[in-house]
Q: 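Before I ask anything, let me first share the structure, which is written out below as structure tokens.
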Amino acid sequence: MRVMSVVGARPQFIKLAPVDRALRASGHEHIIVHTGQHYSPELSSALFADLAIPEADVNLNVGSGGHAEQTAGMLVGLEIVFGENPVDWILAYGDTNSTLAAALAAVKLGRPIAHLEAGLRSGNRRMPEEHNRVVTDHVADLLLAPTETGMRHLAEEGLADRSILVGDVMADVCLRVRAATDRQPPQMPAAWSDDDPPVLATLHRAENTDDPARLAMLIERLAAMPFPVMLVAHPRLVSKADAAGIELEHGALRVGASLTYSQMVYATARARGVVTDSGGLQKEAFLLRTPCITARTETEWPETLSDDWNIIDPDLTADPAAQFARERPERRDHPFGEGDAAERTVRALADGL
Ligand code: UD1
């Protein structure tokens, strides 16, 4: 089987790692196409190196821009790549503009397209990621869902006959990297302390960064927390804060550049707590047993809300000390799969031919 993965943004490189391993381990041919949506080394090449992903076979170098400009650039580039390289499956990941472009370019050419991480819904039609998810699921030929909740959404939208539950490939990579970093801890930045672990915070979603008053409010709430907060700053956050004249480093806040995936998993497992608007980090916190506060109005991962491991707190008004107390019942179920989602993905692709 010949599979072409289309990726472009940081969370997609993380999902790509276990899928690439599983495809190669079972003797399939794997072509990697990078749209170039993320190009800064800390968001792109550092992830490839850290997760031992082979270099992309093709890079479209599309870069940043408005939704139309960015997505259109990808569509034009992908149509050429798909036209020149017949494969058994084109595989799109997650919910970014790169996902949408891969799905649209493939379906217009009549090429088989599978969507990994299908069926997630926030119900928030103001999120660019929600448009990308809905459109991608409705045009794709094979829908690979990470959770039962995702399967239910797909059935509700009339897509059950194209859907299969494979588990979450992010759980595969998270648990593998946790074991590796427990054995050999990565070098950590100065803002980190193993003896007195800070809160780990990230903010990057348009809903939180693009309105200066809202961004200033969230930064003030983080700065006022009663313990050190290590803010791992996405380039989007840095550029929006600069443009709005918002100072990030003050009060409890210690600002650092992006971490490698290994550093992120190490920090998440040991942090006092996590504050984030990232979908991936909410789930990593849950898998690594660290309480989380989600700075959004909803989550695509409702499984993380059990026993308040994660709470939805869009304006950061909850008491962080109470949320970060760790006494919670042990869980025995695995809502994100058993760490074999990549292998199940490869089997589903092979069976679906
Ligand atoms: C994108 C995804 C989002 C995902 C996130 C992970 C969409 C609509 N959004 O958001 O779902 O959670 O990736 O990071 O696809 N920038 C850089 N260097 C880069 C890339 C971006 O500095 O390599 C800065 C630029 O100022 C750019 C801004 O970040 O304008 C936004 O980048 P963009 O790719 O549009 O979206 P993200 O916010 O990264």
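The first residue of the sequence shown is numbered 1, and numbering continues consecutively from there. Counting starts at 1 for both ligands and their atoms, following the listed order.
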Q: Can you give me a line-by-line list of nitrogen or oxygen pairs between ligand 1 and the protein shorter than 3.5 Å?
A:
{"from": "ligand 1", "atom 1": "9 (N)", "to": "Glu129", "atom 2": "OE2", "distance (Å)": "3.4"}
{"from": "ligand 1", "atom 1": "11 (O)", "to": "Glu129", "atom 2": "OE2", "distance (Å)": "2.7"}
{"from": "ligand 1", "atom 1": "12 (O)", "to": "His204", "atom 2": "NE2", "distance (Å)": "2.9"}
{"from": "ligand 1", "atom 1": "13 (O)", "to": "His38", "atom 2": "NE2", "distance (Å)": "3.4"}
{"from": "ligand 1", "atom 1": "14 (O)", "to": "His234", "atom 2": "NE2", "distance (Å)": "3.0"}
{"from": "ligand 1", "atom 1": "15 (O)", "to": "Gln37", "atom 2": "NE2", "distance (Å)": "2.9"}
{"from": "ligand 1", "atom 1": "15 (O)", "to": "Asn97", "atom 2": "N", "distance (Å)": "2.9"}
{"from": "ligand 1", "atom 1": "18 (N)", "to": "Ser40", "atom 2": "OG", "distance (Å)": "2.7"}
{"from": "ligand 1", "atom 1": "23 (O)", "to": "Tyr39", "atom 2": "N", "distance (Å)": "2.7"}
{"from": "ligand 1", "atom 1": "23 (O)", "to": "Ser40", "atom 2": "N", "distance (Å)": "2.8"}
{"from": "ligand 1", "atom 1": "23 (O)", "to": "Ser40", "atom 2": "OG", "distance (Å)": "3.3"}
{"from": "ligand 1", "atom 1": "34 (O)", "to": "Gln37", "atom 2": "NE2", "distance (Å)": "3.0"}
{"from": "ligand 1", "atom 1": "38 (O)", "to": "Arg236", "atom 2": "NH1", "distance (Å)": "2.9"}
{"from": "ligand 1", "atom 1": "39 (O)", "to": "His38", "atom 2": "NE2", "distance (Å)": "2.7"}
{"from": "ligand 1", "atom 1": "39 (O)", "to": "His234", "atom 2": "NE2", "distance (Å)": "3.1"}

Q: How long is the gap from CD1 on Ile219 to CZ on Arg221, to the nearest 0.5 Å?
A: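 Result: 12.0 Å between the selected atoms.
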
Q: Listed by chain and number, what are the side chain to side chain donor-acceptor pair (under 3.5 Å) partners of Thr202, not counting sequence neighbours?
A: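 Listed in chain order: Thr276.
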
Q: What I want to check is whether the side chains of Ser122 and Glu129 have a donor and an acceptor closer together than 3.5 Å.
A: no

Q: For the side chain of Glu130 and the backbone of Arg121, is there at least one donor-acceptor N/O pair under 3.5 Å apart?
A: no

Q: About how many Å separate CG of Leu237 and OG1 of Thr209, when rounded to the nearest 0.5 Å?
A: 7.0 Å

Q: Is the backbone of Tyr261 close enough, under 3.5 Å, to the side chain of Asp50 for a donor and an acceptor to pair up by distance?
A: yes

